[in-house]
Amino acid sequence: MNTDRIAVVIEDDADVGEVIEAILVQAGFNVKLASTGAEGIELVRVHAPTLTTLDVNMPGMDGFETLKRIRHITASSIIMISACFDEVDVVRGLSAGADDFVAKPFRIGELRARIDAVLRRASTVAELHPATSTPTSFENTPQRESSGWLHHDGLRLDKARRIVEVDGAPVMLTRSEFDLLAQLLQPANQAHSKTNLIHEIRSDNYRSGLLTHADKRSLEVHVANLRKKIGPANRIETVRGVGYRLANGPF
């Protein structure tokens, strides 16, 4: 076991907690268990885990409030797990900073794949933007045209530096939102299927598995959040029976 990799599991159901713990131990984690939100926050504060899994429905402080408080003390990866997979819950979780939202009951292979994907995305971003580096200044950095930029009707995206601009103004996106927009831009005028977009967001070897309702709902939430940030909403068109594509202006 790699003791440098710590995971915190916040779950009030002991049986479910043990299953998640076993999955994480097999993945090489030193696992700390908590049965309440308050206990989980303290474990995160003390151990600075690489990954936290968080149940939504807990007595006392629920998962959403716990997530908000954890996000004040860490930017590490968080996966929410819930028996309720209503759109409202998914939106609340992803908007509050969760990296993924998994429905109960989950398949062991699926949860392991989602954990691997979340950690892989976090590792990629960390390599591109080390914590010790100075944040990029859009005002002071020359915006040179290069093969790294993708363009479409006022949208500009640099995959290498993970920069997005809308009509010249910088836009801050989550990892999943950035990966989704990058895929929609390649090429921009093409309709992209929901299946391909989900695989791109996962960025893992999950392609051989069946996509679940949870996958599709998560994609819809990411699209809704992206529409708000790069606006107007009709900048991303829904292609019935297929998926999504970027629309041509004017907007």
Side-chain angles (χ1 to χ4, degrees), residues 2 5-11 13 15-33 40 44 49-57 63-64 66-67 70-71 74-87 89-126 173-180 182-183 193-223 225-226:
N2 182 357
R5 297 224 309 173
I6 296 176
V8 170
V9 174
I10 309 174
E11 171 63 62
D13 186 319
D15 292 335
V16 175
E18 288 179 2
V19 171
I20 299 173
E21 179 185 18
I23 294 171
L24 290 168
V25 168
Q26 290 179 354
F29 282 93
N30 180 356
V31 181
K32 310 295 181 181
L33 292 172
V44 170
T50 301
L51 172 72
T52 300
T53 69
L54 176 60
D55 185 24
V56 171
N57 298 311
F64 298 113
T66 303
L67 172 62
I70 290 176
R71 272 291 172 243
T74 183
S76 62
S77 299
I78 299 175
I79 297 176
M80 299 197 80
I81 302 176
S82 176
C84 297
F85 205 79
D86 295 334
E87 181 176 2
D89 288 339
V90 177
V91 171
R92 286 183 66 189
L94 296 178
S95 298
D99 295 283
D100 203 351
F101 201 109
V102 178
K104 293 180 183 178
F106 52 80
R107 292 170 295 176
I108 292 176
E110 176 190 357
L111 181 58
R112 175 63 187 270
R114 289 176 180 272
I115 289 170
D116 289 344
V118 165
L119 294 177
R120 190 154 33 246
R121 293 199 302 270
S123 176
T124 299
V125 173
L173 302 179
T174 66
R175 290 190 294 270
S176 295
E177 291 163 0
F178 183 94
D179 293 340
L180 173 59
Q183 184 66 17
S193 72
K194 290 184 177 181
T195 298
N196 287 339
L197 291 173
I198 290 170
H199 288 325
E200 181 63 25
I201 292 174
R202 296 282 174 241
S203 65
D204 58 9
N205 296 322
Y206 192 52
R207 296 176 182 273
S208 60
L210 295 175
L211 298 179
T212 66
H213 179 68
D215 292 317
K216 296 174 183 178
R217 297 304 295 145
S218 293
L219 174 63
E220 291 169 3
V221 172
H222 287 309
V223 169
N225 290 339
L226 188 56

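Predicted, not measured: the structure shown is a model, and the values here were computed from it.
- Shortest non-hydrogen contact noted between V8 and P49 is CG2-CG, 3.7 Å.
- Atom-to-atom distance recorded for D100:CG and T53:OG1 is 12.0 Å, nearest 0.5 angstrom.
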Steps toward side chain to side chain contact (heavy atoms under 4.5 Å, CB included) verdict (V9, D55): CA-CA 8 Å; V9 174; D55 185 24; over 6 Å; no
Show your reasoning for whether side chain to side chain contact (heavy atoms under 4.5 Å, CB included) applies to L33 and E11. CA-CA 8 Å; L33 292 172; E11 171 63 62; over 6 Å; no
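- Across all their heavy atoms, G28 and R5 have their closest contact at O-CB, 3.9 Å.
- With rounding to the nearest 0.5 angstrom, the CD1 atom of I81 is 5.0 Å from the CG atom of L111.
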Step by step, would you call F101 with D89 a side chain to side chain contact (heavy atoms under 4.5 Å, CB included)? CA-CA 9 Å; F101 201 109; D89 288 339; 4.1 Å; yes
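- Taking CD1 of I198 as the reference point, atom CG of N196 lies at 9.5 Å (rounded to 0.5 Å).
- Considering only residues two or more places apart in sequence or on other chains, S82 meets the side chain to side chain donor-acceptor pair (under 3.5 Å) condition with none of them.
- Here the shortest heavy-atom pairing between G93 and M80 reads CA-SD, 3.6 Å.
- Nearest heavy atoms, Q183 versus L197: CG-CD2, 3.5 Å.
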Assess the residue pair I23 and I115 against the criterion (side chain to side chain contact (heavy atoms under 4.5 Å, CB included)); give the C-alpha distance rounded to whole Å, side-chain angles, the decisive distance to 0.1 Å, and a yes or no. CA-CA 10 Å; I23 294 171; I115 289 170; 4.2 Å; yes
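- By the 4.0 Å N-to-carboxylate-O rule, K104 lies too far from D15 to be salt-bridged with it.
- To the nearest 0.5 Å, atom CD of residue E177 and atom CG of residue L94 are 9.0 Å apart.
- Within the model, atoms CG of L51 and CG of L24 stand 6.0 Å from one another, a figure rounded to the nearest 0.5 Å.
- Between the side chain of N30 and the backbone N or O of I6 there is no donor-acceptor pair closer than 3.5 Å.
- No salt bridge links D116 with R120; every basic N to acidic carboxylate O contact stays at or beyond 4.0 Å.
- T50 pairs by the side chain to side chain contact (heavy atoms under 4.5 Å, CB included) definition with F29, L119, not counting sequence neighbours.
- Side chains of S76 and T74: a donor on one and an acceptor on the other come within 3.5 Å.
- The only member of I70, I78, T66 that meets side chain to side chain contact (heavy atoms under 4.5 Å, CB included) when paired with V44 is I70.
- Counting heavy atoms from C-beta outward, L54 and L67 have side chains that approach closer than 4.5 Å.
- In this model, no donor atom of one side chain and acceptor atom of the other lie less than 3.5 Å apart for D179 and S176.
- Evaluation of the salt bridge (charged side-chain N to carboxylate O under 4.0 Å, His left out) rule for E21 yields no partner, not counting sequence neighbours.
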